[in-house]
Novice: 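Have a look at this one before I ask anything.
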Number of protein chains: 2
Amino acid sequence: MTNATPHAPHRTLAAPDGFDNWLTAFRDQVEGRLTAALDHQLVDTPPRLARALRHTTLDGGKRFRPALVFLGSLIGRPWPETDESRFDSLWPAAIAVELVHVYSLVHDDLPSMDDDDLRRGRPTLHRAFDEATAILAGDALQSLAFTTLAEAQADTATRLDWTRRLAAAIGPAGMVGGQAIDLALAGQVGEDGAPDLARLADLHDRKTGALIRASLVMGARWAGLPERQLRLVDDFGRLLGRAFQIQDDILDVTGSAEDLGKTPGKDAATDKCSYVTVAGLDGARRELDDTVRHAHAVLWELATLGADGQALSACLDFVTRRRY
Amino acid sequence: MTNATPHAPHRTLAAPDGFDNWLTAFRDQVEGRLTAALDHQLVDTPPRLARALRHTTLDGGKRFRPALVFLGSLIGRPWPETDESRFDSLWPAAIAVELVHVYSLVHDDLPSMDDDDLRRGRPTLHRAFDEATAILAGDALQSLAFTTLAEAQADTATRLDWTRRLAAAIGPAGMVGGQAIDLALAGQVGEDGAPDLARLADLHDRKTGALIRASLVMGARWAGLPERQLRLVDDFGRLLGRAFQIQDDILDVTGSAEDLGKTPGKDAATDKCSYVTVAGLDGARRELDDTVRHAHAVLWELATLGADGQALSACLDFVTRRRY
């Protein structure tokens with residue numbers, strides 16, 4: 001609203017380097033806000049559970065979903081002309097989506113699910129602590145996300161809207177449903193009745209896409225974007241989420257353990273359904289190109305409604321270029 | 001507000017038989033509302049996950065927590081003079097606390113936690129389906145609870161207040177924290193440094209009590225009870241939850257598998273911390289008497305503020321007499 005502060009996002013966001021730099025600086029802020037949120041919320045928490053929650057939350061993740069909340073809030077606005085304090089009431093949404101994301105990783109890593117030992121270069125929570133603690137920590141993180149939204153300074157209607165969108169995105173028809181489909185389809189690749197790309201897209205639109213969409217839309221809703229434009233942001237979010245997942249699957253084949261912070265080649269080794277295991281590496285790359293083209297068409301439509309999506313375009317570019 | 005309908009709670013609630021009859025009739029209503037809520041929420045859910053959610057939710061549970069939401073809403077009101085439709089905007093709170101309760105049972109039963117095979121006389125969810133599905137179903141139920149609150153017809157401020165109270169009650173300092181302490185203390189009974197009654201009360205005030213308190217207060221808050229009286233309802237809820245748990249522990253020793261729908265004698269066999277394993281059967285009974293006396297003192301204080309707690313008194317009596 002008023003003058004830019006020294007900490008305000010950079011004017012160069014549209015350039016790929018600019019976005020990377022912004023995201024790197026933003027990550028530090030997320031780390032600080034997450035630390036403060038946990039300090040506030042875990043005062044009366046049993047010490048071992050509190051340690052587990054800090055261990056798994058404050059681990060230097062990508063913080064991509066909090067970034068999407070902020071990007072969503074800036075659609076149609078001149079990027080850098082923002083007073084930092086204006087975002088105080090938006091931060092809880094950014095923190096909440098990250099808490100939910102961390103919960104989903106902790107539960108997905110469990111022995112009865114993906115059985116992963118390594119996450120972001122460190123032992124997964126059930127390895128570092130124990131399985132029961134990992135289950136409880138995930139459960140607690142989900143509750144903390146809703147506490148965070150309910151306690152935000154945003155107006156009542158916005159907080160309720162956030163709660164409704166986030167709960168729906170991560171519920172049985174959304175994120176959790178996607179993980180259920182993922183587990184059910186594992187091992188069916190290359191078999192008769194193996195999933196096709198449409199089935200795979202449905203899976204990942206739920207498992208990864210739903211939270212990514214919600215993050216963007218929660219930011220845009222906070223900023224007061226009209227309903228028609230919110231629907232386009234939601235459309236874009238679906239495609240962004242899909243691009244994110246395809247790139248994830250490509251990196252599982254082409255990436256290094258050092259860059260990824262987790263074991264590469266895991267999808268093929270565990271018969272996971274991925275865009276690469278289903279469509280091959282070239283097929284996955286074609287699917288990524290199609291998705292990006294489609295996403296740009298949505299941005300164009302947003303622009304015709306007067307909502308410049310420059311930051312979203314930079315974000316899409318980042319997603320398809322990332323190495324981790 | 002207006003005339004009683006044929007389905008309105010009975011005038012005889014204060015008498016023990018009246019409360020039992022009311023709770024039995026109320027249970028049928030909860031079953032119908034839960035069925036309708038799941039039908040509405042699970043439309044786009046993967047079929048197997050939807051089956052698991054119905055299997056574990058629609059199992060004829062006690063529905064004690066939804067009843068508390070309704071009892072909370074009636075404090076200080078003449079019991080039967082209520083129009084049923086007046087409660088339409090309260091039902092979502094009753095459904096939400098039950099969804100959360102079911103989620104907690106599903107996760108507590110998991111092999112890495114209490115490793116239970118039987119619940120309400122049927123195989124636990126991870127036995128009837130599989131462990132991953134049980135974890136995901138619990139996760140989904142928590143999300144559904146918050147969706148249910150957010151979509152309620154109650155006014156915005158009430159819905160947000162519910163969200164805040166429920167999320168705090170079941171978070172790391174509440175229900176989940178209690179389960180973490182419970183797991184940590186298992187096996188320490190009879191050892192040096194074994195938990196005393198105060199430690200045990202803290203554990204159960206979190207694990208069982210927090211949701212029971214929240215249920216009562218959510219109902220009272222909906223009915224517009226003033227803050228001073230809400231705090232007394234909260235105090236009463238803490239004692240009611242404690243009485244509920246002590247009776248649970250006593251029943252684990254004195255109850256039958258048929259009445260309980262689960263294996264009795266489990267606490268001693270698995271070195272669980274219970275009021276009986278820590279204080280003995282007589283000690284547990286004394287603790288129950290003390291708790292009930294204390295709870296009646298709180299009801300008396302409520303009455304001096306003009307809020308008649310006749311329904312709460314009947315409920316307390318029911319809790320200490322129950323056989324299942």
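Chain A is the first sequence line, chain B the second, and so forth, proteins listed ahead of strands; every chain is numbered from 1. This one's a predicted model, so the numbers in the text were calculated from it and none came from an experiment.
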Novice: Let me know if B:R48 has heavy atoms under 4.5 Å from chain A in its side chain, its backbone, both or neither.
Specialist: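 Neither part.
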Novice: Is the shortest heavy-atom distance from the side chain of A:E131 to the side chain of B:E131 under 4.5 Å?
Specialist: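 SC-SC contact between A:E131 and B:E131 confirmed.
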Novice: Under a 4.5 Å heavy-atom cut-off, does chain A meet the side chain of B:L144, its backbone, both or neither?
Specialist: side chain
Novice: For A:R206, is it the side chain, the backbone, both, or neither that has a heavy atom closer than 4.5 Å to a heavy atom of chain B?
Specialist: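 Side chain of A:R206 only, per the 4.5 Å heavy-atom cut-off to chain B.
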Novice: Counting only heavy atoms closer than 4.5 Å, note whether B:L166 contacts chain A via side chain, backbone, both or neither.
Specialist: neither
Novice: Is the shortest side-chain heavy-atom distance between B:T147 and A:T163 below 4.5 Å?
Specialist: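 Side-chain contact under 4.5 Å: no.
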Novice: Heavy atoms only, distances under 4.5 angstrom: which of B:I181, B:T156, B:D202 has the most pairs with chain A? Name it, please.
Specialist: B:T156
Novice: Just give me the residue among B:A140, B:P172, B:A150, B:A132 that pairs up with chain A most often, heavy atom to heavy atom, under 4.5 Å.
Specialist: B:P172
Novice: Looking only at heavy atoms and a cut-off of under 4.5 Å, which of A:L136, A:L149, A:D161 has the most pairs with chain B?
Specialist: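 Heavy-atom pair counts peak at A:L136.
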Novice: Once you round to the nearest 0.5 Å, how far does CD of A:Q179 lie from OG1 of B:T133?
Specialist: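 So the gap between those two atoms works out to 10.0 Å.
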Novice: Are A:H126 and B:S112 close enough that some pair of their side-chain heavy atoms sits under 4.5 Å apart?
Specialist: no
Novice: Which answer fits B:L110, side chain, backbone, both or neither, if we ask what part of it has an atom under 4.5 Å from a heavy atom of chain A?
Specialist: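 Answer is side chain: those atoms of B:L110 sit under 4.5 Å from chain A.
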Novice: Above 12 or not: heavy atoms from other molecules or residues under 6.0 Å from CZ of A:R54?
Specialist: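 Yes - once you tally the heavy atoms of other residues, nucleotides and ligands closer than 6.0 Å, there are more than 12.
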Novice: Any idea which of B:D139, B:T45, B:L42 has the most non-hydrogen atom pairs under 4.5 angstrom with chain A?
Specialist: B:D139
Novice: If you define the side chain from C-beta out and look only at heavy atoms, does anything of B:M175 sit under 4.5 Å from A:S143?
Specialist: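 When only atoms from C-beta onward are counted, A:S143 and B:M175 do not touch, as no gap falls below 4.5 Å.
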Novice: Side chain, backbone, both or neither: which part of B:I170 has a heavy atom under 4.5 Å from chain A?
Specialist: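 Looking at B:I170, backbone and side chain both touch chain A.
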Novice: What I'd like to find out is whether the side chain of A:D130 reaches to under 4.5 Å of the side chain of B:L183, using heavy atoms alone.
Specialist: no
Novice: Check this for me: B:R33, atom CZ, are more than 12 non-hydrogen atoms of other residues, nucleotides or ligands nearer than 6.0 Å?
Specialist: yes
Novice: Using a 4.5 angstrom heavy-atom cutoff, name the option from B:R159, B:R164, B:Q142 with the most pairs to chain A.
Specialist: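 Max contact count across the listed options: B:Q142.
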Novice: Tell me which of these, B:G171, B:P46, B:A134, has more heavy-atom pairs under 4.5 Å with chain A than the rest.
Specialist: B:P46
Novice: Describe, in one word, how the ring planes of B:H107 and A:H107 are oriented to each other, choosing from parallel (under 30°), tilted (30 to 60°) and perpendicular (over 60°).
Specialist: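 Aromatic pair B:H107/A:H107 classed perpendicular.
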Novice: For B:E151, is it the side chain, the backbone, both, or neither that has a heavy atom closer than 4.5 Å to a heavy atom of chain A?
Specialist: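 Answer is side chain: those atoms of B:E151 sit under 4.5 Å from chain A.
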